[in-house]
Amino acid sequence: MSAADDPADDPVVPPAFREYGDQPLPQSPAFGHGKNGIADLVLGREGDNPTRLLSDLVKVPYHLTGTLDSDPAPGLTTVCLQEPTGGVAQGDRHSLSVEARSGARAHVTTQSATKVHSMKANYAHLDATLVAESGAYLEYVPGPTIVNEDARCLQTTTVEMAPDASVVVGDIFVPDGLTDHEPFGFEHYHSRLEASVDDDLVCADAVDLRPAERDPRDPATVGDYAVVGTLYAFAPTAADVDALADALHDRLADHEVAAGASLLKDDAGVTVRVLGDRSTDVTAAVEAAWDETREALLGVGAPLEGRGR
Amino acid sequence: MTSSAALLTAMRLSDSMLPVGTYTASYGVEQYLNEDEIETADELGELLGGYLRGVIGPAETVALGHAHRSAAAGDLDGVLAADERLGAATLPAEFRDSSTKAGRKLLELLAETDGDPVDDGGGGAAAGDGGGGAATGDGGGAVDGVNGDPAAGDGADPLARAAVDGTVAEFAAACEAGRADGHYPVVLGVVCQRAGLSSREAALANAYGSVSGLLAAAQRLGRFGHTAIQSQLSALFPVIESVSDRYHDAELDAMCSFAPLADVMGMSHERADRRLFMS
Amino acid sequence: MGYRDVAKVGLGGPVGSGKTALVQRLVPRLDDAGYDVGVIANDIMTQEDADRLRDSFADRLPTDLVAGVETGACPHTGIREDPSMNLAKIDEFTERHPELDVVLIESGGDNLAATFNPELADYFMFVISVAEGDDIPRKRGPGVTQADLLVVNKTDLAPHVDVDLDVLRDDAETVRGDDPTVFTNCKAEEGVGEVVDSIERSILFA
Ligand SMILES: Nc1nc2c(ncn2[C@@H]2O[C@H](COP(=O)(O)OP(=O)(O)O)[C@@H](O)[C@H]2O)c(=O)[nH]1
Ligand SMILES: [Mg+2]
């Protein structure tokens with residue numbers, strides 16, 4: 001199956017990307033030919049037992065190495081998805097879905113950065129759907145998304161959660177990986193994260209960048225910075241989100257980045273925005289924010305050492 | 001609706017004397033100045049150009065346009081959806097606060113000044129707006145019941161009708177009941193539709209009001225001269241026009257808002273040690 | 001419940017005349033008299049000021065009834081042309097504390113032309129101090145002439161700044177007609193009782 005089979009009227013795909021999707025994919029090995037990666041994971045937990053993977057449907061290029069129970073948070077299991085092909089190419093459609101059943105605690109990550117390669121036709125779509133049932137705690141903190149020259153990348157993330165669940169999502173956007181000089185060489189990057197608590201939309205953070213049409217290096221957008229990171233901590237019924245926002249803001253004060261934290265709509269949690277010159281700085285700041293969030297929500301920090309970045 | 005009535009309404013709604021508290025909002029501009037991130041008038045202009053292209057166009061104008069279309073169709077749910085999505089797309093809490101405070105104050109203001117039926121030709125509805133009410137003699141009593149077709153009456157103040165109109169009143173009630181937040185561009189979209197302005201005109205009024213408000217805020221913070229500010233305002237006109245054209249009829253779920261550096265400034269402003277503005 | 005359901009007292013006047021000092025004296029007395037009081041200060045500017053103000057009422061008022069309102073470097077707009085943000089704050093107060101009786105609204109320091117919008121303040125006090133000189137009433141600024149109550153503060157300083165209180169009193173009478181003027185010394189709590197009496201008589205007993 002290739003990308004050309006995508007239903008043309010898929011509502012998550014904006015019109016511009018539907019048009020790209022109509023472009024035939026040359027079967028050239030240099031640019032790949034469109035892979036439909038799928039990972040459907042369901043996690044559950046009984047009482048105080050460790051969280052277990054109840055079912056997993058995984059299709060190449062996704063690869064699941066299994067789960068790790070080494071996390072310091074009680075009952076929390078780590079799921080690491082690998083993408084051995086080393087990047088995302090034109091026509092690729094990656095779709096991740098994670099369902100954390102009632103009371104489950106899970107951390108889902110990709111082991112490394114996701115590189116979106118240069119393209120000549122079509123586009124790449126990275127989709128993630130995160131569902132957290134009552135009392136569940138779900139983290140999705142993948143490596144940075146590096147968008148290369150001439151790439152077209154659509155990234156969609158949907159969070160659906162119960163009011164007493166918590167969901168933490170990290171996102172790091174690196175325009176180009178190769179040179180510092182022209183970091184906005186991609187053709188089109190569109191990313192949207194939508195989070196609903198029951199049926200209420202609490203976050204709809206969306207960006208649509210076409211640098212050739214409009215350079216985002218103005219003082220409102222990225223200024224002189226090149227890398228943008230966001231940590232979303234959705235915790236609608238957490239005790240003191242005000243304090244969490246302040247703690248996050250303070251925590252990032254001495255990082256080599258411009259960063260801020262603020263309460264989400266309906267006090268459903270906190271978002272943290274980070275801008276930096278280098279991917280490593282932004283990653284460090286987003287991970288620090290993740291650590292702080294964990295400390296507030298679970299009473300245990302994040303296992304940062306093992307992340308190898 | 002006469003064309004001069006439409007123009008007058010647009011002017012009234014984008015006039016800085018409209019008492020809805022916009023003079024207290026800087027949407028991060030105060031923080032940019034305090035942190036010396038903006039020093040020259042040209043940099044200020046670039047910042048506002050970025051706001052227009054990253055937020056006022058793709059987020060506010062999209063919400064406003066959808067609210068306008070929904071009001072025309074008498075679809076309150078559509079208005080509520082625009083309000084919800086604009087709030088969800090605005091990450092700094094202070095930006096949401098400034099927007100909803102102004103939106104709700106506009107709804108209140110219209111209900112209080114234009115909403116009371118005028119019982120006879122002699123008595124104005126309320127202080128400050130007697131002219132409109134007295135001139136028409138119909139006031140709120142003669143509201144057109146059909147949502148999609150704002151009534152036209154020569155010389156009437158179109159806002160007088162809009163204020164007591166079904167969709168405006170329903171939206172105000174939804175805000176009051178906590179079912180909506182009342183973001184300013186959404187309120188403006190509904191009110192302008194009911195007052196007979198097109199969504200493009202409403203978008204222009206919103207964008208102009210935002211830009212002139214932010215320029216005035218920057219000027220009051222004390223670093224720019226009046227001619228420098230007017231030059232920037234003039235230079236931003238084409239941007240105001242192009243984002244209004246481009247986004248006023250966009251689909252609601254195409255809404256984007258991307259001004260991460262402005263977000264960071266707004267978030268820092270929340271905790272700023274010294275502040276003259278609410279946002 | 002909303003801003004229309006509480007008595008609103010506006011305090012205007014130049015920077016440093018003693019508006020905050022007077023509010024700090026008024027709150028305990030109104031509180032002792034059994035009123036539920038809220039305080040809004042416009043243009044506190046720094047976090048330190050905000051904390052200090054809140055602390056000064058810590059044993060009297062719930063912290064969420066002491067608030068700052070920023071007026072975007074336009075103190076007169078906030079109390080006169082567009083009081084909407086002050087009214088919104090009072091609405092927040094009454095929503096959380098329906099039992100509220102009276103709100104004291106301290107304007108940011110301004111010039112002698114600053115007056116309170118009658119829809120914002122049911123009772124408007126203009127606070128000047130002797131330290132600004134004894135010719136202030138003679139200038140007939142709208143603040144001085146239109147206030148419901150003129151408060152001349154810092155009477156203790158009169159001898160140090162060569163001000164004759166009798167001249168001030170006569171001038172005030174001339175420009176204000178029958179409207180009252182009270183002399184206070186907030187440091188020594190002199191005259192504050194009279195201010196409370198005026199407020200009570202004018203808007204709380206009504
Ligand atoms: N000597 C004297 N000082 C006063 C009196 N009232 C206030 N002050 C002082 O005057 C200064 C300014 O007072 P403040 O209440 O902050 O003025 P505001 O700017 O009008 O709020 C402070 O240092 C006060 O302690 C008074 O009656 N006598
Ligand atoms: Mg003071």
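Protein chains get the first letters and strands the later ones, always in sequence-line order, with residue 1 at the start of each.
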Start with the C-alpha distance between A:Arg217 and B:Glu46, add both sets of side-chain angles, then the distance that settles salt bridge (Lys or Arg N to Asp or Glu O under 4.0 Å), and finish with yes or no.
CA-CA 10 Å; A:Arg217 283 168 289 186; B:Glu46 282 171 38; over 6 Å; no
Which pair of heavy atoms, one from A:Leu201 and one from B:Ala88, lies closest together, and at what distance?
CG-CB, 3.9 Å
So which of A:Ala204, A:Gly223, A:Gly260 has the largest heavy-atom pair count under 4.5 angstrom toward chain B?
A:Ala204
Taking B:Gly49, B:Ala81, B:Gly266, B:Ala262 one by one, which has the highest count of heavy-atom pairs under 4.5 Å against chain A?
B:Ala262
In the structure I gave you, are the side-chain heavy atoms of B:Glu37 and A:Pro219 within less than 4.5 Å of one another anywhere?
no
When every non-hydrogen atom of A:Asp199 is compared with those of B:Glu84, the smallest separation belongs to O-OE2, 4.4 Å
Around atom CD of B:Glu39, are there more than 12 heavy atoms of other residues, nucleotides or ligands at under 6.0 Å?
yes
Of the backbone (N, CA, C, O) and the side chain (C-beta and beyond), which part of A:Val228 lies under 4.5 Å from a heavy atom of chain B, both, or neither?
side chain
Distance-only donor-acceptor check, side chains B:Glu94 and A:Ser262, under 3.5 Å:
no
Which value, rounded to the nearest 0.5 Å, describes the distance between B:Leu48 atom CG and A:Asp218 atom CG?
10.5 Å
Flag the one option from A:Val202, A:Asp246, A:Val222, A:Asp266 with the top tally of heavy-atom pairs under 4.5 Å to chain B.
A:Asp246
Taking the basic N atoms (NZ, or NE/NH1/NH2) and the acidic carboxylate oxygens, is any pair closer than 4.0 Å for B:Arg53 and A:Glu213?
no
Between B:Gly50, B:Ser257, B:Cys256, B:Ala259, which has the largest tally of heavy atom pairs under 4.5 Å with chain A?
B:Cys256
So B:Leu91 and A:Lys265, side chain to side chain contact (heavy atoms under 4.5 Å, CB included) or not? Walk me through it.
CA-CA 8 Å; B:Leu91 297 191; A:Lys265 180 175 184 289; over 6 Å; no
Could you tell me which portion of B:Asp253 (side chain, backbone, both or neither) has an atom closer than 4.5 angstrom to a non-hydrogen atom of chain A?
backbone
I need the B:Met255 CE to A:Asp208 CG distance, nearest 0.5 Å.
13.5 Å
Given the options B:His269, B:Glu270, B:Arg96, which has more heavy-atom pairs under 4.5 Å with chain A than any of the others?
B:Arg96
Any non-hydrogen side-chain atom of B:Pro92 less than 4.5 Å from a side-chain atom of A:Arg273?
no
Counting heavy atoms not belonging to A:Asp215, are there more than 12 under 6.0 Å from its CG?
yes
Proximity breakdown for B:Ala89 and chain A, heavy-atom pairs closer than 4.5 Å
both
Please round to the nearest 0.5 Å and tell me the distance separating atom CG of B:Leu261 and atom CG of A:Leu275.
5.5 Å
Which atoms of B:Arg271 are under 4.5 Å from chain A, going by heavy atoms: the side chain, the backbone, both sets, or neither?
side chain
Segment of A:Ala259 engaging chain B (4.5 angstrom heavy-atom cut-off)
backbone
Counting only heavy atoms closer than 4.5 Å, note whether B:Met265 contacts chain A via side chain, backbone, both or neither.
neither
Contact origin within A:Ala195 toward chain B - heavy atom pairs under 4.5 Å
neither
So for atom CD, which belongs to B:Glu176, do other residues, nucleotides or ligands contribute more than 12 heavy atoms lying within a distance under 6.0 Å?
no
Proximal component of A:Leu209, with respect to chain B [non-hydrogen, under 4.5 Å]:
side chain
